[in-house]
Each structure stands twice: as C-alpha cells, then as structure tokens.
S.K.: 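My questions all concern the structure below.
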Amino acid sequence: MPGPRLPIIRASEIGEYVYCARAWWLRRVAGLEPEERARREYGTTLHHRHARSVALSRLFAIIAALLGTLALALLIGGWMAG
Amino acid sequence: MAITVGLALLLLALVALIGALRLRASAGLPWAPVVYRDTDAQSPERPLIARRIGLVGKPDYLIQKRGRLIPVEVKPGRNATRPYESDLMQLAAYCLLLEETTGVAPPYGLLCYADRTFRLSYTAQVRQETLALIEEMRAALDNECDRSHDDPARCLGCGFFSMCDQALRR
Ligand code: SF4
C-alpha cells in the first residue's frame, strides 16, 4: 500500500535553499516574490540564446553531412568517368 | 567539372562542420546527442517526477554519452572560476531525479557557466547529501527557517534583500 504523499520539492528550490535557507523559506512558505524580475527575464533571454546555439550546431552538422556525402558522390563519379 | 564541384562542396562541408563544432563548444556542451531540452520556449519539456522521494524538476538538457544520460544545467549569465555550491546541489538533484526516473544513475552532471563548464561526479556521497537536503527542507516546511550564512555580499545579491528581516547590511 502506498504511503502518504510527500510534499513535493523542486530541484531548483534546492539551489535556492543552499544559497540561503531564509530565501527559500520566504518564497516557498511565506509566499513572497523576490524583486529580480529584470534579472530573471535577462536569464530567460540568455537561456533561449543558448538553445539557439545548440540547435544551430546540430543544423550545421546535418548540412555538413549532406554536403560531404554529395561531394564524395561527385568526386567518385568524376574519377570513375575520367 | 564534377570533380571541381565535388571539391567545392567538400570545402563547404568542412566549413559547416567547423561552424557546428565551434557553436557547440561556445555553448559549453560536449558533442553528443541532446535528448531533452528545456531552454526553448516553443517546446517546453515535461518535468522529471520522482514520487518516491517527492522530487520534481526540469534539467536544461539531457545529453547521451556512451549510452548514459547526463543532466546539464546552464547558467549562461554566470562567470566564476569555481562553481557555486547552490548550482552544484541543484545539478545533484537532477542526477538523483534521473536515477529515480530511469533506474540508471548518471556518472556525472555538467554545469555550464558563461565561459566554463564544470563536471560534478555523482557519487554515493553526493546522492546522500542531496537526499539529506531534501529531508531537511521538508522538515523546514513546518518551521520558520533562518538565514544560513554570514555573507553580506550574498544578501546584497538576493531578491529578498529589501523585504528580509535577517538581511546582512554592510
Ligand atoms: S536577504 Fe535574507 S533571504 Fe536573502 S540572502 Fe540575506 S538573509 Fe537570506
């Protein structure tokens, strides 16, 4: 039989708790909101930029593979014909 | 003619490959398949949920290396020569989540700052420390929790500074 449900802790809360237990408590238990909206929004922008770099690196790798395959086919075909 | 075009394409392929490797290196991630990405607003991932220990979370990335999943936490605005303890413990929580949800413990996790990537070995001790922290936090839900450091600089960088009764002011 399953035991009682544990209160859920988020992984990001653990970082906050280690930074300062009071900060975590003020948000989680006292329900206050930190005054760092501008910084948070900037962080989100940086995260999206990071995601774009990772996605672009994948796209470039796919393009490299396609071009490489095409190049090899042309080179082999050219040598065989010549 | 075919050979000339072929050589030109080969050169372009090389340029694209170098671009791919550079972009990935600038992001601080190793060259490995990304199987989970939560940094994108368009396709938010579902959180990992470990009900047994009451822990949830969304790592920024999960990459696959030698058949193992590795969690990655990204702090692109952070610049430091040493990783912050708070960031390491958050990463440790993702390692624990991954172990609980897949049944396989990751060997390590990666923490990407603006220009450096750190590696946290996910040892039995790290696992134990993370579980102990979660227990401590759960117990604190029913009690008042006090400041846990004596560092004024930390308070100054805290979003609760103006409203906190325990803030350290220089
Ligand atoms: S301002 Fe308060 S909550 Fe923030 S770090 Fe200082 S003591 Fe902790």
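The chains referred to below are lettered A, B, ... by the order of the sequence lines, with proteins before strands, and numbering in each begins at 1. Since this is a predicted model, take the numbers as computed values, not measurements.
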S.K.: So which of A/Leu26, A/Leu56, A/Ile63 has the biggest tally of heavy-atom pairs under 4.5 Å with chain B?
M.R.: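 Most heavy-atom pairs within the cutoff with chain B belong to A/Leu26.
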S.K.: When rounded to the nearest 0.5 angstrom, what is the spacing between CH2 in B/Trp31 and CZ in A/Arg58?
M.R.: 9.0 Å
S.K.: Non-hydrogen atoms of chain A under 4.5 Å away: do they reach the side chain of B/Glu85, the backbone, both or neither?
M.R.: both
S.K.: Please flag which part of A/Val29 lies under 4.5 Å from any non-hydrogen atom of chain B: side chain, backbone, both or neither.
M.R.: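 For A/Val29, side-chain heavy atoms alone lie under 4.5 Å from chain B.
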S.K.: Could you tell me whether the side chain of A/Arg28 and the main chain of B/Leu141 form a donor-acceptor pair under 3.5 Å?
M.R.: no
S.K.: Counting neighbours of CZ on A/Arg10 that are heavy atoms of other residues, nucleotides or ligands and sit closer than 6.0 Å, is the number greater than 12?
M.R.: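 At most 12 heavy atoms, drawn from other residues, nucleotides or ligands, come within 6.0 Å of this atom.
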S.K.: Heavy-atom distance under 4.5 Å to chain A: side chain of B/Glu73, backbone, both or neither?
M.R.: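 When you check distances to chain A, no heavy atom of B/Glu73 falls under 4.5 Å.
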S.K.: Quick check on A/Ala55 against chain B: is it the side chain, the backbone, both or neither that has a heavy atom closer than 4.5 Å?
M.R.: both
S.K.: Could you tell me which portion of B/Leu7 (side chain, backbone, both or neither) has an atom closer than 4.5 angstrom to a non-hydrogen atom of chain A?
M.R.: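 Contact with chain A is through both the backbone and side chain of B/Leu7.
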S.K.: If you count heavy-atom pairs under 4.5 Å between each of B/Ala16, B/Gly57, B/Ser86 and chain A, which one has the most?
M.R.: B/Ser86
S.K.: Shared ILVMFWY cluster between A/Ile14 and B/Tyr84, side chains joined below 4.5 angstrom?
M.R.: yes
S.K.: So, for B/Leu23 and A/Ser53, which heavy atoms are closest and what is the spacing to 0.1 Å?
M.R.: CB-O, 4.0 Å
S.K.: Among A/Pro34, A/Cys20, A/Gly15, which has the most heavy-atom pairs under 4.5 Å with chain B?
M.R.: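 The answer is A/Pro34.
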S.K.: Of the listed residues (A/Ile62, A/Ile9, A/Leu74), which shares the most heavy-atom pairs with chain B below a 4.5 Å separation?
M.R.: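 Looking at each of A/Ile62, A/Ile9, A/Leu74 in turn, A/Ile9 comes out on top.
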S.K.: What option among B/Arg24, B/Met137, B/Arg22, B/Arg52 has the most heavy-atom pairs under 4.5 Å with chain A?
M.R.: B/Met137
S.K.: Would you say B/Leu168 ends up clustered with A/Leu32 if hydrophobic residues are merged whenever their side chains have heavy atoms under 4.5 Å apart, either directly or through other cluster members?
M.R.: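 They do not share one cluster, since no chain of ILVMFWY contacts under 4.5 Å joins A/Leu32 to B/Leu168.
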S.K.: Can you confirm whether more than 12 heavy atoms, excluding those of A/Arg27, are under 6.0 Å from its CZ atom?
M.R.: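 For A/Arg27, atom CZ is crowded (more than 12 foreign heavy atoms under 6.0 Å).
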S.K.: Got a second to check how far B/Ile134's CD1 is from A/Ile8's CD1, nearest 0.5 Å?
M.R.: 10.5 Å
S.K.: Heavy-atom pairs under 4.5 Å with chain A - which of B/Arg138, B/Gln90, B/Met89 has more of them than the others?
M.R.: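 Heavy-atom pairs under 4.5 Å are most numerous for B/Arg138.
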S.K.: Quick one: of B/Glu136, B/Arg78, B/Glu144, B/Met1, who has the most non-hydrogen atom pairs under 4.5 Å with chain A?
M.R.: B/Glu144
S.K.: Strictly distance-based, threshold 3.5 Å: is any side-chain N or O of B/Arg147 a donor or acceptor partner for the main-chain N or O of A/Ala21?
M.R.: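 Side chain of B/Arg147 to backbone of A/Ala21, a donor-acceptor pair under 3.5 Å: no, none is there.
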S.K.: Could you see if B/Phe160 belongs to whatever hydrophobic cluster contains A/Val18? Use Ile, Leu, Val, Met, Phe, Trp, Tyr and a side-chain cutoff under 4.5 Å.
M.R.: yes
S.K.: Taking side chain as everything from C-beta outward and backbone as N, CA, C, O, which of these in B/Leu29 sits under 4.5 Å from a heavy atom of chain A? Side chain, backbone, both or neither.
M.R.: side chain
S.K.: Nearest 0.5 angstrom please: B/Asp146 CG to A/Trp25 CH2, how far?
M.R.: 9.0 Å
S.K.: So which of B/Val74, B/Leu10, B/Leu88, B/Leu91 has the largest heavy-atom pair count under 4.5 angstrom toward chain A?
M.R.: B/Val74
S.K.: Are B/Ile18 and A/Val54 linked, directly or through intermediate hydrophobic residues, by side-chain heavy-atom contacts shorter than 4.5 Å (ILVMFWY only)?
M.R.: no
S.K.: Grouping I, L, V, M, F, W and Y whenever their side-chain heavy atoms are under 4.5 Å apart, do B/Ile3 and A/Leu70 come out in a common cluster?
M.R.: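 Different hydrophobic clusters.
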S.K.: Specify the closest pair of heavy atoms between A/Leu46 and B/Pro76, including all atoms of both residues, with the distance to one decimal.
M.R.: CB-CG, 3.7 Å
S.K.: What's the spacing between A/Glu33 CD and B/Met163 CE if we round to 0.5 Å?
M.R.: 8.5 Å
S.K.: Does B/Arg82 CZ have over 12 foreign heavy atoms under 6.0 Å away?
M.R.: no
S.K.: Tell me, out of A/Ala73, A/Ser12, A/Gly68, A/Gly77, who's got the most heavy-atom pairs with chain B below 4.5 Å.
M.R.: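 So the answer, after comparing A/Ala73, A/Ser12, A/Gly68, A/Gly77, is A/Ser12.
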S.K.: Measure A/Trp79 against the heavy atoms of chain B and call it side chain, backbone, both or neither at under 4.5 Å.
M.R.: both
S.K.: With a 4.5 angstrom heavy-atom cut-off, which part of B/Tyr61 approaches chain A: side chain, backbone, both or neither?
M.R.: side chain
S.K.: To the nearest 0.5 Å, what is the distance between CD (A/Glu35) and OG (B/Ser162)?
M.R.: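 Output value for this atom pair is 3.0 Å.
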S.K.: At a 4.5 Å cut-off on heavy atoms, which part of A/Glu13 comes close to chain B: side chain, backbone, both, or neither?
M.R.: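 Backbone plus side chain of A/Glu13, per the 4.5 Å heavy-atom cut-off to chain B.
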S.K.: Looking only at atom types and distance, does a side-chain atom of A/Tyr19 sit under 3.5 Å from a main-chain N or O of B/Arg154, one as donor and one as acceptor?
M.R.: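 Yes, because the side chain of A/Tyr19 sits within donor-acceptor range (under 3.5 Å) of the backbone of B/Arg154.
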S.K.: With a 4.5 angstrom heavy-atom cut-off, which part of B/Asp60 approaches chain A: side chain, backbone, both or neither?
M.R.: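 For B/Asp60, the contact with chain A is made by the side chain alone.
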S.K.: Side chain, backbone, both or neither: which part of A/Arg52 has an atom under 4.5 Å from a heavy atom of chain B?
M.R.: neither
S.K.: Could you report the tightest heavy-atom contact between B/Ala20 and A/Phe60, atom names first, then the distance?
M.R.: CB-CB, 3.6 Å
S.K.: Residue by residue, scan residues 110-122 of chain B and write down, ordered by number, those that have a heavy-atom distance under 4.5 Å to chain A; if none do, write 'none'.
M.R.: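 Those residues of residues 110-122 of chain B which would need a heavy atom under 4.5 Å from chain A do not exist here.
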S.K.: Among B/Gly54, B/Ala93, B/Cys155, B/Gly157, which residue has the highest count of heavy-atom pairs closer than 4.5 Å to chain A?
M.R.: B/Gly54
S.K.: Looking at every heavy atom in both A/Gly78 and B/Ala2, which two are closest together, and how far apart are they?
M.R.: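 Smallest interatomic distance, heavy atoms only, reads CA-CB, 4.1 Å.
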